[in-house]
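Report on the structure given below.
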Amino acid sequence: MLLEVLAAVLLGCLAGIFTGLIPGVHINLVSLLLVSASGYLLGFTEPIVLGVFIIAMSITHTFLDAVPSIFLGAPDPDTVLSVLPGHRMLLEGKGFEAVKLTIIGSLLSLIVVIALIPFTLSIVPFIYLHIQAYMGWILIVVCLFMILKETGWDKKFWGFFVFVLSGILGILVLSWPNLNQPLFALLSGLFGLSTLLLSLKDNVQIPKQYVTESVSLPKGKSARAIIGATVTGSVTGLLPGLGSAQAAIIAMQLVGNLGNYAFLVLIGGINTVNFVFSLVALYTLEKARNGAIVAVKEILKSIDFNGLVLFLGVALLAGGIATFLTLYLAKLFSRLITKINYRKLVIGVMLFITGLAFYFSSWYGLLILVVSTAVGMIPALMGVKRSLAMGSLILPVILFFML
Amino acid sequence: MKESLLIKLALVTSLAGLLILFFISGNLDVEEKPLGKISVENLEDYVKIKGQVTGITHTENAVFLKVTQPQEMDIVVFKDTPLNLSKGAHVEIIGKVDEYENKPEILAELIRVT
């Protein structure tokens, strides 16, 4: 069994490279394909081995998805907020450092959350019951706080406008019938294409990228980032409708101003913790909180204590492997990105995103992409926080909890 | 933080993961039991059995198999479990022990033709 498990971890890490690096290919897609093929695959192996593959792939994905977000400005839903600080660091020749910060966040938070899990198992049902009842209100307060933090009434108005407009857009897109991968076009437009279009307008040149041995981390802020990632990633991993993106918004208000460096540590950490804690939700509440866990539940039905310990071991092993993989690939991207004409690269990425939006959701996908790109440009043009466009995901969740 | 420290942390994390896998993987194999040794005292236990399918009955929500070893036991397969079996097939079944009219039966979760 051990050899089968190790082979599944390695194959999962390879699949995680594929899903992490290619924008639009999400772990949910591969997990669902695996469920479809499980009838055949279970002729050769045990259900738990397929579960191990999915967990290893998902953990690797949470480390690697920072690479396309930072180097290409093509985020997936879990890393949208890393695009802006990541892009800023890329323009300072620090793209590698930006990725390294998200790796530090992912790895340290992974270690912290797994060390804490034995102490949290008994209180998870209590937290779930009590926080769920107030989650809508917590999100409303967090969002109001975000808007009111804008300086001057002018910017407060534009902040509110961006939040509500992107929220309405999110509600429309998420309730659109028979739309395949609705989040892809929505978030690529709000955070990816809008950033890339503005960088084209500004005729941005990518400077030489420095692959530095060490990155200076402000200790206090980094500790706050890891604690913030662990707390918000865990709580949102338990609750329905919430993911890394919502956790990031809550954490930003909870831990205060972190600066670019610790903020990237926070985003990297949340993404990984959120996934790891969805395993705890599966064990303690028997509920699946994301597509990959839905697939695991479909194959395994439920997990016992041994299964949970196995999956946490897999998460640690895959996290270690993913650290090496991400460092290597970020160095490779740092070398390659200056050899490529950035203008052509940006146009290429924009065409790729547009093509994928059309492939997933046909003409509707293109329509959503155009509208969300336009909405996504408003914060930059009006000088308000880009994260307010997260209203696209937060407002539907607030309505889900309140109605 | 120096990259060498990050790499050391990643190595320690991987080793910790490997150790956990090494110790836990021995507990993951479901114990294979002869049918004669499965009783209602094993209720809710996961067991693995091997035998020959000697009867198949289809109902609206489930399929009932009789598996013979030569001892006989009823196996319940709910319709969401993929099933492509015929009488006489030799199978390996993993499932949970349940009780029906004071007799043990197995709720199958995985059926493999051997």
Side-chain angles (χ1 to χ4, degrees), chain A residues 1-6 9 38-40 42-49 52 56 59 96 100-101 103-104 107-108 110-111 114 211-217 219 222 265 298-302 304-327, chain B residues 1-32 43-50 63 76-85 89-98 106-114:
Chain A
M1 180 61 107
L2 180 62
L3 285 179
E4 271 184 78
V5 167
L6 291 178
V9 171
S38 63
Y40 174 73
L42 289 176
F44 305 100
T45 189
E46 306 286 332
I48 196 92
V49 175
V52 166
I59 291 289
F96 175 71
K100 201 193 260 184
L101 289 164
I103 301 174
I104 292 169
L107 188 64
L108 291 183
L110 176 70
I111 296 167
I114 289 185
V211 177
T212 49
E213 159 64 20
S214 66
V215 55
S216 55
L217 269 173
K219 275 187 186 157
S222 303
V265 172
E298 191 85 8
I299 293 168
L300 288 172
K301 314 296 180 212
S302 63
D304 58 9
F305 185 71
N306 283 340
L308 176 68
V309 176
L310 173 83
F311 285 158
L312 295 180
V314 168
L316 284 172
L317 179 57
I321 295 171
T323 301
F324 291 106
L325 287 173
T326 316
L327 281 172
Chain B
M1 180 187 263
K2 285 194 172 177
E3 194 168 313
S4 52
L5 177 61
L6 185 61
I7 286 174
K8 278 178 200 159
L9 262 177
L11 270 176
V12 172
T13 309
S14 305
L15 279 175
L18 263 178
L19 274 176
I20 292 174
L21 297 190
F22 179 76
F23 286 112
I24 201 77
S25 59
N27 297 337
L28 293 171
D29 283 321
V30 181
E31 190 189 354
E32 187 178 337
L43 213 62
E44 297 285 304
D45 284 357
Y46 270 94
V47 291
K48 186 196 281 184
I49 59 151
K50 283 180 180 168
V63 178
V76 185
V77 189
F78 289 106
K79 288 273 172 152
D80 58 351
T81 308
L83 190 67
N84 185 17
L85 281 180
H90 288 270
V91 288
E92 178 186 277
I93 295 171
I94 294 175
K96 210 185 258 189
V97 179
D98 197 22
I106 294 173
L107 305 179
E109 289 192 5
L110 177 69
I111 300 176
R112 231 186 317 227
V113 179
T114 55

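Values below: every heavy atom of this structure, side chains too, minus hydrogens, waters and symmetry copies. Just so we're clear, the structure is a prediction, and the values are computed from it rather than from any experiment. Here is how names work: the chains are called A, B, and so on, in the same order as the sequence lines, proteins then strands, and each is numbered from 1.
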For [X], is it the side chain, the backbone, both or neither that has a heavy atom under 4.5 Å from a heavy atom of chain B?
{"X": "A:Leu101", "result": "neither"}
{"X": "A:Leu327", "result": "side chain"}
{"X": "A:Leu107", "result": "side chain"}
{"X": "A:Thr323", "result": "side chain"}
{"X": "A:Ser222", "result": "neither"}

> Picking from A:Lys219, A:Glu4, A:Glu46, which has the most non-hydrogen pairs under 4.5 angstrom with chain B?
Replying inline: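 Highest number of pairs under 4.5 Å: A:Glu46.
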
Indicate every side-chain donor-acceptor pair of residues 304-322 of chain A with a distance under 3.5 Å to a residue at least two apart or in another chain.
residue, atom, partner, partner atom, Å
A:Asp304, OD1, A:Asn306, N, 3.4
A:Asp304, OD1, A:Gly307, N, 2.8

> Between B:Glu3 and A:Lys100, is the closest basic N to carboxylate O distance under 4.0 Å?
Replying inline: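 Here A:Lys100 pairs with B:Glu3 in a salt bridge, since their nearest N and O are under 4.0 Å apart.
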
>> Given heavy-atom pairs under 4.5 angstrom as the criterion, report whether the side chain, backbone, both or neither of B:Phe23 touches chain A.
In response: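 Interface part for B:Phe23: neither.
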
> Do A:Glu213 and B:Ser4 come close enough that some side-chain heavy atom pair is under 4.5 Å?
Replying inline: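 Yes, side chains in contact.
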
Scan the side chains in residues 12-21 of chain B for donor-acceptor partners under 3.5 Å anywhere in the protein, sequence neighbours excluded, and list what turns up.
residue, atom, partner, partner atom, Å
B:Thr13, OG1, B:Leu9, O, 2.6
B:Ser14, OG, B:Ala10, O, 2.8

> Once you round to the nearest 0.5 Å, how far does OG of B:Ser25 lie from CG of A:Leu6?
Replying inline: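 If we round to the nearest 0.5 Å, B:Ser25:OG and A:Leu6:CG are 8.0 Å apart.
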
